[in-house]
Amino acid sequence: MLKRLVITGYKPHELGIFDDKHEGVRFIKKALENRLRTLIDEGLEWVILSGQLGVETWAAEVVIDLQEEFPQLHFAILTPFEDQEKNWNEAKQEKYEFLLSQADFHRSLTNKPYEAPWQFVEKNKFFLRNSDGILLIYDEETEGSPKFIKQEAERCADKNEYNILIITADDLRIVAEEEQQNEWNGW
């Protein structure tokens, strides 16, 4: 049973998304919601995020919405280093601050500003040690930044009971088709 789940995936620019109004964001959030609803029914209690832009911030928004219906669902934002948002534009910083304010728990794992890639490696190790599974939005043909934690998760799953769940490009296409069909039927 999954009680603590890491969610991660691509950064917006890796998906060609440069604005949260992009239609793809709606489909990604719907795919996350669908998967989370099933996992909540099976006993999911915590979602763990690092707060990076893209899939993780969209996942936080989905969790916040789901908490109205499922108050037993909690989420943590555990950043790999302090002030990860300092170089983001003002709108992204405001959104991030809002998400932090809604998180049930948040802190920096290294308690220092960015120094080197080792902080991301340590964050990934911490996440895998302190969760029962990971949900990735990931496409094998478009590796991008999620490939590193996916590789670590696969090594973890080889040694321990660890669940790797993936929302693929095909899954997103199906969600998009279903959503568009629902809109057409409701017209």
Side-chain angles (χ1 to χ4, degrees), residues 2 4-40 44-71 73-80 84-106 120 123-124 127 131 133-140 142-150 153 163-180 182-183:
L2 287 171
R4 296 176 317 257
L5 178 72
V6 172
I7 298 179
T8 192
Y10 298 104
K11 295 176 176 81
H13 69 274
E14 292 176 301
L15 297 168
I17 296 175
F18 301 99
D19 182 324
D20 276 357
K21 293 181 182 84
H22 187 284
E23 190 173 40
V25 174
R26 180 169 61 106
F27 302 136
I28 290 168
K29 288 172 81 170
K30 186 62 178 176
L32 288 166
E33 177 190 346
N34 292 346
R35 190 64 67 96
L36 283 170
R37 283 182 175 279
T38 300
L39 294 170
I40 293 165
L44 179 66
E45 295 174 2
W46 279 90
V47 170
I48 304 167
L49 308 162
S50 72
Q52 76 179 15
L53 295 173
V55 169
E56 292 193 29
T57 51
W58 301 325
E61 292 171 333
V62 170
V63 170
I64 291 166
D65 289 343
L66 286 171
Q67 284 178 321
E68 292 178 26
E69 187 177 344
F70 303 100
L73 181 64
H74 305 288
F75 79 102
I77 296 178
L78 303 171
T79 64
Q84 77 172 349
E85 78 285 3
K86 80 174 186 176
N87 294 323
W88 300 352
N89 71 36
E90 188 176 333
K92 290 175 181 168
Q93 285 183 10
E94 287 176 11
K95 178 180 175 179
Y96 179 74
E97 289 300 322
F98 170 75
L99 296 175
L100 284 179
S101 75
Q102 299 300 300
D104 297 287
F105 183 81
H106 74 88
F120 293 106
K123 181 261 309 174
N124 290 349
F127 277 18
S131 64
I134 187 168
L135 173 58
L136 290 151
I137 292 190
Y138 188 75
D139 180 24
E140 293 292 339
T142 312
E143 287 183 331
S145 61
K147 79 175 181 181
F148 301 107
I149 195 165
K150 181 179 180 284
N163 295 283
I164 301 172
L165 309 171
I166 298 178
I167 295 173
T168 65
D170 284 340
D171 295 329
L172 292 174
R173 181 186 49 75
I174 291 167
V175 167
E177 289 171 359
E178 288 171 353
E179 288 295 294
Q180 290 167 339
N182 289 342
E183 287 173 7

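Counting from 1, the numbers follow the sequence of the chain as shown. Computed from a predicted structure; not experimentally measured. What you see below is based on every heavy atom in this structure, not just the backbone, and it leaves out hydrogens, waters and symmetry mates.
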[X] vs [Y] side-chain heavy atoms within contact, under 4.5 Å:
X	Y	result
Ile28	Leu15	yes
Ile164	Tyr138	no
Leu172	Ile137	yes

Steps toward side-chain contact (heavy atoms from CB on, under 4.5 Å) verdict (Val62, Val47): CA-CA 11 Å; Val62 170; Val47 170; over 6 Å; no
Report yes or no: does [X] contribute a side-chain atom to a donor-acceptor pair with the main-chain N or O of [Y] at less than 3.5 Å?
X	Y	result
Asp104	Phe75	yes
Gln93	Lys86	yes
Asn182	Glu179	no
Glu56	Thr8	no
Gln52	Tyr10	no

Would you give the length of the straight line joining atom [atom1] of [X] to atom [atom2] of [Y], rounded to the nearest 0.5 angstrom?
X	Y	atom1	atom2	result
Ile64	Ser101	CD1	OG	7.5 Å
His74	Leu44	NE2	CG	10.5 Å
Arg35	Ile166	CZ	CD1	9.0 Å
Leu100	Glu85	CG	CD	7.0 Å
Leu36	Asp65	CG	CG	11.5 Å
Gln67	Ile40	CD	CD1	9.0 Å

Search all heavy atoms of [X] against all heavy atoms of [Y] and return the closest pair with its distance.
X	Y	answer
Glu143	Pro146	O-CD, 3.5 Å
Ala153	Ile134	CB-CG2, 3.9 Å
Ser145	Gly9	OG-O, 4.2 Å
Leu5	Leu135	CD1-N, 3.7 Å
Lys123	Ser50	CD-CB, 3.9 Å

Given salt bridge (charged side-chain N to carboxylate O under 4.0 Å, His left out), test Arg37 with Glu69 step by step and report yes or no. CA-CA 10 Å; Arg37 283 182 175 279; Glu69 187 177 344; 2.8 Å; yes
Using the rule side-chain contact (heavy atoms from CB on, under 4.5 Å), only one of Asn163, Leu2, Val6 pairs with Ser131; which is it? Val6
Looking at [Y] and [X], is there a salt bridge between them, counting it only when a charged N and a carboxylate O are closer than 4.0 Å?
X	Y	value
Arg26	Glu183	yes
Lys95	Asp20	yes
Glu33	Lys29	no

Residue list, side chain to side chain contact (heavy atoms under 4.5 Å, CB included) with Ala59, at least two apart or on another chain: Ile7, Leu32, Leu49
Tell me, please, which residues at least two apart from Tyr96 pass ring-ring contact (aromatic ring centres under 6.0 Å, His included). Trp88
Walk me through it: do Glu14 and Thr142 pass the test side-chain hydrogen bond (donor to acceptor under 3.5 Å, both in side chains)? CA-CA 9 Å; Glu14 292 176 301; Thr142 312; over 6 Å; no
Start with the C-alpha gap between Phe120 and Ile149, add the side-chain angles, then the distance that decides, and say whether side-chain contact (heavy atoms from CB on, under 4.5 Å) holds. CA-CA 9 Å; Phe120 293 106; Ile149 195 165; over 6 Å; no
